[in-house]
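Have a look at the structure below before the remarks.
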Amino acid sequence: MSAIHVDREVAIQFTNVCRYFGEVKAVDHISLQVYDGEFFSMLGPSGSGKTTCLRLIAGFEMPTEGSIRLYGAEVSRTPPYDRDVNTVFQDYALFPHMDVGENIAYGLMVRKVPKKERETRVNEMLELVRLPGLARRKPSQLSGGQRQRVALARALVNHPRVLLLDEPLGALDLKLRQEMQIELKSIQEQIGITFVFVTHDQEEALTMSDRVAVFNHGKIEQVGSPAEIYEQPATSFVAGFVGTSNILSGGLAQQLTGSPDLFSIRPEKIRMSPEDEENRSLSSADFCMVAGTIRDVIYLGVTTRYLVEVDGGGDLTVVQQNLDPVPGDVVGARGNRVALSWPRSANRRLIAQEKSR
Amino acid sequence: MTRPLRHGEPSLIRRISTYFYQRPRLSLLVMLSPPMLWLGVVYLGSLLALLIQSFFSIDGFTGQVVRQFTLKTYEQLFTPANTDIIVRTVLMALAVTVVSAIIAFPLAYFIAHYASKRTRGILYLAVLLPLWSSYLVRVYTWKIILAQEGIITWFFNVLGLKPLLDSILNIPVIGGPSLSFSFLGMFIVFVYIWLPYMILPIITALERVPQSLIDASSDLGARSGYTFRKVIFPLAFPGLVAGSIFTFSLTLGDYIIPNVIGNSSYFIGAAVLAQQGTAGNIPLAAAFTMVPIVIMGAYLLLARRLGAFDAL
């Protein structure tokens, strides 16, 4: 775990938190710390408990067991309107009968902030999210990206200590999503508050976060910096969910590493060369080497993904960058014999875990 | 490389389909003419006939309708005896609408936002069930329930609250010899009969208020009361207006309940019946019928002014 957090205040503290819906354990004994000013992502597939965790922080759900603290204060039984957090909802949840200005001013209206100050703060926010002059529009007249910014402004205008974001970019197209990722990150750095960001998109989580928690079946599989999560996945679930991994065990693992234990190797760490050009200078003490036949080729533009059937059984996915200025017929490589090699240090031993329930 | 999409000659049905597929306007015409004919001729036509009738008059001696444009019938409509009927009916319709709304809203809110799927189904059924049985049967049943010898009087007696019931019945205007012969009794039956028409549109409106809006409001610091006033009620308002259109117009036009329950003072519907049946004064009956139409027209305009249809 990164050392930079040691002297930071703890913003959110989960201690053995559970939330059950009847038989379903949506959140199952989660303990977790989010530090002040951190961009923290909760990553996981749908139904993994990440959104329930967010709703527990917001106060829309109350934990079945366990304790939740916000800046030291126990809040498990505190209603949402008494918590110093605000949420950007997945569907934005803008009030359709109010215009943009009224939407943003809602939290200030509730707190009876005088009209003059309300207007100043709404305009400040519209500047921050780069929507000046749109205060009198209705939400229905805005594009998806604009609604998203209004939802952000409506939450931030209240100066919360923690901002919760529930898959806020899910409904946007790829280009806009990438723009908003950069913008969200820069807004977070600008105002310096804690962001808790829920997403199922691993790329999004890696791009923006200081730390990522990977959720699966209501439990956290791993917490760490994006690089830790990607390079040193703790479990086979993390290795498979964050990026692609070859997860190997048994015979093939024995053949490659000398041990039948579960391990993973990233497809881009593997070097592929034609079998006859096999590099004999590599020492088998430092490198795994294996020969095989290309079974499938998927051309992806920047890279090409190969499925290689390894001699002696088993498949490996290999990703190679398309470095050639004039690429040959990559797809025609099907059936070619190839030699694969990668440094042993790239192998990542995984914690064996019981199969999913 | 090209090959036909299908082999062989297309069948007749396929050729007809293709003919219409290529001519969308013609398809639209074919589809819409039956309903448009129905609406135009039968529906609007009969309303127009009604309007025209109301500008005719009746010959006092022969009892024949004089087919000549005149405002005499409307003069007659606005005599005190008749305006009393109109005012009485409108006040009753208003009271029924307001009380139905007050009863319906919490129930609809529960059904739309709290009830589990199963409970919701059962409650829907409970709301709709009365509509499956005969309206007349239900009205006469209520006459028995409300009668002097009925269960309500009996219940008050058992509880020793007879004096309370008597003092209610002694209130002028709404009281009477017994519940079944009072405006109060009539009002109770009206609310009972039209309540489902208020509940259902409000449920529909409330179901369209996403939970996330309610969450967002509390997230932004609003307690339940504030959320209700600023978010839930404004968004459910169109449903309330739709429901009130039903309860209001149905009460305005009903002629059975005032005939069965109450002290046999006339209401608009009953007056229309009497004019066109007993009195044979078709023009005055038509003029009476125009009253609810005009009132509803004004009501709809007002509702639009209030923004009731903005969210549609």
Side-chain angles (χ1 to χ4, degrees), chain A residues 21-22 51 54-61 78-99 102-113 118 125 138-140 147 150-160 162-168 171, chain B residues 101 105 108-110 112-121 201-244 302-312:
Chain A
F21 297 103
T51 295
L54 195 84
R55 293 174 63 82
L56 283 164
I57 303 172
F60 305 136
E61 302 285 349
T78 310
Y81 48 79
D82 286 335
R83 295 189 190 199
D84 208 0
V85 300
N86 285 115
T87 309
V88 176
F89 290 84
Q90 188 168 15
D91 61 357
Y92 316 139
L94 299 180
F95 304 122
H97 56 302
M98 300 180 194
D99 64 28
E102 289 167 335
N103 262 287
I104 298 175
Y106 190 86
L108 305 176
M109 290 276 285
V110 172
R111 247 164 273 125
K112 303 198 171 69
V113 174
R118 279 203 315 259
M125 277 303 135
K138 280 284 174 83
S140 57
R147 282 180 210 183
V150 174
L152 188 63
R154 184 179 68 175
L156 288 176
V157 78
N158 306 294
H159 301 316
V162 177
L163 184 74
L164 308 172
L165 301 106
D166 186 8
E167 309 219 13
Chain B
F105 209 100
Y109 191 76
F110 175 77
H113 276 276
Y114 289 108
S116 67
K117 246 196 165 114
R118 214 181 108 86
T119 323
R120 185 181 305 188
I202 298 179
I203 294 178
T204 312
L206 284 171
E207 275 175 344
R208 290 205 318 216
V209 179
Q211 182 61 37
S212 70
L213 290 188
I214 297 166
D215 284 349
S217 177
S218 68
D219 185 68
L220 293 165
R223 285 150 207 276
S224 314
Y226 195 92
T227 302
F228 181 82
R229 285 200 310 280
K230 297 288 179 176
V231 178
I232 298 168
F233 188 76
L235 290 173
F237 191 60
L240 194 70
V241 170
S244 72
L302 180 75
R304 204 180 67 171
R305 268 283 182 79
L306 293 175
F309 309 118
D310 289 1
L312 295 183

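Chain letters run A, B, ... following the sequence lines, proteins first and then strands; every chain starts at 1. No hydrogens, no waters, no symmetry mates; every other heavy atom, side chains included, goes into these values. Computed from a predicted model, the values in this text were never measured in an experiment.
Rounded to the nearest 0.5 Å, atoms OG1 (T227(B)) and OH (Y81(A)) are 9.0 Å apart. The CG atom of L235(B) sits 8.0 Å away from atom CE of M98(A), with the distance rounded to the nearest 0.5 Å. Between F60(A) atom CZ and D215(B) atom CG the span is 4.5 Å, to the nearest 0.5 Å.
Looking at D82(A), only its side chain comes within 4.5 Å of chain B, counting heavy atoms on both sides. Interface remark: L94(A) contributes backbone atoms only to the contact with chain B (heavy atom separation under 4.5 Å). Only the side chain of N158(A) comes within contact range of chain B, judged by heavy atoms closer than 4.5 Å. Contacts between R83(A) and chain B at a heavy-atom distance below 4.5 Å are absent for every atom of the residue.
Here A93(A) is the residue among P160(A), A93(A), G107(A), A151(A) with the most heavy-atom pairs under 4.5 Å with chain B.
Side-chain contact between P96(A) and L213(B) is present, with at least one heavy-atom pair separated by less than 4.5 Å. Between F237(B) and H97(A) the shortest side-chain heavy-atom distance does not fall below 4.5 Å.
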Test side chain to side chain contact (heavy atoms under 4.5 Å, CB included) applied to Y106(A) and V231(B), step by step
CA-CA 11 Å; Y106(A) 190 86; V231(B) 178; 3.5 Å; yes

One pair to check against side chain to side chain contact (heavy atoms under 4.5 Å, CB included): S212(B) and Y92(A). What are the steps and the verdict?
CA-CA 8 Å; S212(B) 70; Y92(A) 316 139; over 6 Å; no

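In this structure, D219(B) and T87(A) approach most closely via the heavy-atom pair OD2-N, 2.6 Å.
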